[in-house]
Amino acid sequence: MSPSRVLVLNSGSSSVKYQLLDMRDSSRLATGLVERIGEQTSRLRHTALTTGETREHNGPIADHQAALKTVAEELARDGLGLDSPELAAIGHRVVHGGMFFTEPTVVDDDVLAEIERLIPVAPLHNPANLTGIRTAMALRPDLPQVAVFDTAFHTTMPESAARYAIDTRIADRYRVRRYGFHGTSHAYVSRATAKLLGRAPEDVNVIVLHLGNGASASAVRGGRCVDTSMGLTPLEGLVMGTRSGDLDPAVIFHLARVGGMSMDEIDTLLNKRSGLFGLCGDNDMREIQRRIDEGDEEAQLAFDIYIHRLKKYIGAYFAVLGRVDAIAFTAGVGENAAAVRAAAVAGLEGLGPAVDDGLNAVRGDAPRLISPASARVAVAVVPTDEELEIARQTYALVGKDK
Ligand SMILES: Nc1ncnc2c1ncn2[C@@H]1O[C@H](COP(=O)(O)OP(=O)(O)O)[C@@H](O)[C@H]1O
Ligand SMILES: CC(=O)OP(=O)(O)O
Ligand SMILES: [Mg+2]
């Protein structure tokens, strides 16, 4: 029998999420998460679905290379090691693929060089993605390593949405344009939303709100992305856990000229010390909601700013799409924070969407509608599964090669 397993690695700036899947039936064999890499308090949580056993390790894991070695050891303990002949390929989430990578791609030296060249426009993500690929290559040099790019789904955006209004020659010389991210999630969720509505993706217009630590919105017309909120880098758009999202670019000149801050300091400020964290000292929506329940005004204002920006994007994408069939909430905040969903849609009834408080309060892992039957625009919670989507794309590509 030909090998049918795919290991998926989603390496973030300080974490690695992974899943081992059997693509004959898309079942998960193992899943896990390494968090707080580089800190003293790193944690690995590994679950073997073959046995139902979960193991946890606490203690420092210095870097992504060490993290992946530990992951490989954990898989081996369950008889699912990387040396298995059943492994067909390793699929990697790569955040920035620039303009060239519109499809999943088997990694070779040229692909590695291009991912490396794009580091300045994804400084938090591409270095971790590269380490993931290189470490996996060293462990299994014979296996195809497939890169699945966050940017790929957004390459269908029209030039009117993808261009910034700056001197075209400068923009072209430095490839300054809007690329968009979280594309694997936007693609998966927009398709799953069409399915939930019982319609073909080609017939459905969806606004997808991917609200995790990083957050982005997209306007999807008939299965193709026509606009998204992230731009050259994953900093533009919505208010995020630690990123500012949209601001007047002159804020940067002001902080440099008047505040005496260096470019690196401003970069760190906007990427790591802004967003919800910058506004109230917490980036986790659970903690913010707890503080709001206690009457904390700072947390309330952070929440209100987050919601105001989200609403502006929902409104904008109504205008971009003309007709909207559904709004889909996904990722950690979108899937779990009922208060965010209710507040984001409140007051938009004139445009068609509405949230039913009873349905919104129901928790679950399955895609579900939270709008009343009378709403002209459906509102849905659609859990994302970037790892499954990466595994599918990886397996489809490797299968084609055989
Ligand atoms: N039960 C919950 N209620 C509210 N927010 C939650 C809940 N669980 C997770 N979150 C939010 O989701 C975020 C993580 O989302 P996730 O999509 O896993 O992010 P990422 O992939 O960017 O690490 C957390 O920072 C937190 O704000
Ligand atoms: C692109 C991006 O922001 O990714 P994440 O949400 O995983 O940080
Ligand atoms: Mg994520």
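As the structure lists them, so they are numbered: ligands from 1, and atoms in each ligand from 1.
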- Query: Should one rank Met285, Lys17, His210 by closest heavy-atom distance to atom 5 (N) of ligand 1, which comes out on top?
  - Reply: Met285
- Query: For ligand 1, is there an N or O atom under 3.5 Å from any N or O atom of Gly332?
  - Reply: yes
- Item | Side-chain H-bond candidate by donor/acceptor type, Asn360 with Asp356, under 3.5 Å | no
- Query: So is Gly12 in contact with ligand 1, going by heavy-atom distances below 4.0 Å?
  - Reply: no
- Starting from atom 3 (N) of ligand 1, locate the nearest protein heavy atom and write down its residue, its atom name and how far away it is, to 0.1 Å. Arg286 CG, 3.3 Å
- Nearest-contact summary for atom 19 (O) of ligand 1 - protein heavy atom, Å: Asn213 N, 3.2 Å
- Item | Close approach of Glu287 to ligand 1, heavy atoms, under 4.0 angstrom | no
- Message: Under 4.0 Å, counting heavy atoms only: does Met230 come that close to any atom of ligand 2?
- Response: yes
- Message: Could you tell me, atom by atom, which parts of ligand 2 come under 4.0 Å of a heavy atom of Phe181?
- Response: 1 (C)
- Task: Quick one: look up the protein heavy atom nearest atom 26 (C) of ligand 1 and list residue, atom name and how far away it is.
- Result: Asp284 OD1, 3.4 Å
- Give a yes-or-no answer on whether the side chains of Asn213 and Arg243 include a donor-acceptor pair shorter than 3.5 Å. no
- With distance as the sole criterion, is a donor-acceptor pair present between the side chains of His210 and Ser185 under 3.5 Å? yes
- Give a yes or no on whether a salt bridge exists between Arg178 and Asp227, defined as a side-chain N under 4.0 angstrom from a carboxylate O. yes
- Item | Atoms in ligand 1 with a heavy atom of Gly214 nearer than 4.0 Å | 22 (O)
- Determine, step by step, whether Asp172 and Arg163 satisfy the salt bridge (charged side-chain N to carboxylate O under 4.0 Å, His left out) criterion, reporting the C-alpha distance in whole Å, the side-chain angles of both residues, the deciding distance to 0.1 Å, and the verdict. CA-CA 10 Å; Asp172 287 346; Arg163 289 246 173 206; 3.1 Å; yes
- Task: With side chain to side chain contact (heavy atoms under 4.5 Å, CB included) as the test, would you mind laying out the steps for Met263 and Ile252 before giving the verdict?
- Result: CA-CA 8 Å; Met263 279 303 151; Ile252 296 163; 4.3 Å; yes
- Message: Is the distance from the ring center of His154 to that of Phe181 below 6.0 Å?
- Response: no
- Query: Short list, please: which atoms of ligand 1 are under 4.0 Å from a heavy atom of Gly212?
  - Reply: 15 (O), 16 (P), 17 (O), 19 (O)
- Message: Which option wins on minimum heavy-atom distance to atom 2 (C) of ligand 1: Val333, Asn336, Val340?
- Response: Asn336
- Any luck finding a side-chain donor-acceptor pair between Gln300 and Asp304 under 3.5 Å? yes
- Item | Modelled atom types, side-chain donor and acceptor of Thr41 and Arg36, under 3.5 Å | yes
- Message: Suppose we measure from atom 7 (O) of ligand 2 to each protein heavy atom; which comes out shortest, and what is that distance?
- Response: Arg93 NH1, 3.0 Å
- Item | Atoms of ligand 2, numbered as shown, that sit under 4.0 Å from any heavy atom of Pro234 | 1 (C), 3 (O)
- Message: Any donor-acceptor pair under 3.5 Å linking the side-chain atoms of His186 with those of Ser216?
- Response: yes
- Message: Residue-level breakdown please: for His182 versus ligand 2, do any non-hydrogen atoms fall below 4.0 Å on the side chain, on the backbone, on both, or on neither?
- Response: side chain
- Note on the structure: atom 3 (O) of ligand 2: closest protein heavy atom, distance to 0.1 Å, is Arg243 NH1, 2.8 Å
- Message: Side chain or backbone, does His125 bring an N or O within less than 3.5 Å of an N or O on ligand 2?
- Response: yes
- Step-by-step salt bridge (charged side-chain N to carboxylate O under 4.0 Å, His left out) determination, Lys17 to Glu387: CA-CA 8 Å; Lys17 291 182 190 167; Glu387 286 78 16; 5.4 Å; no
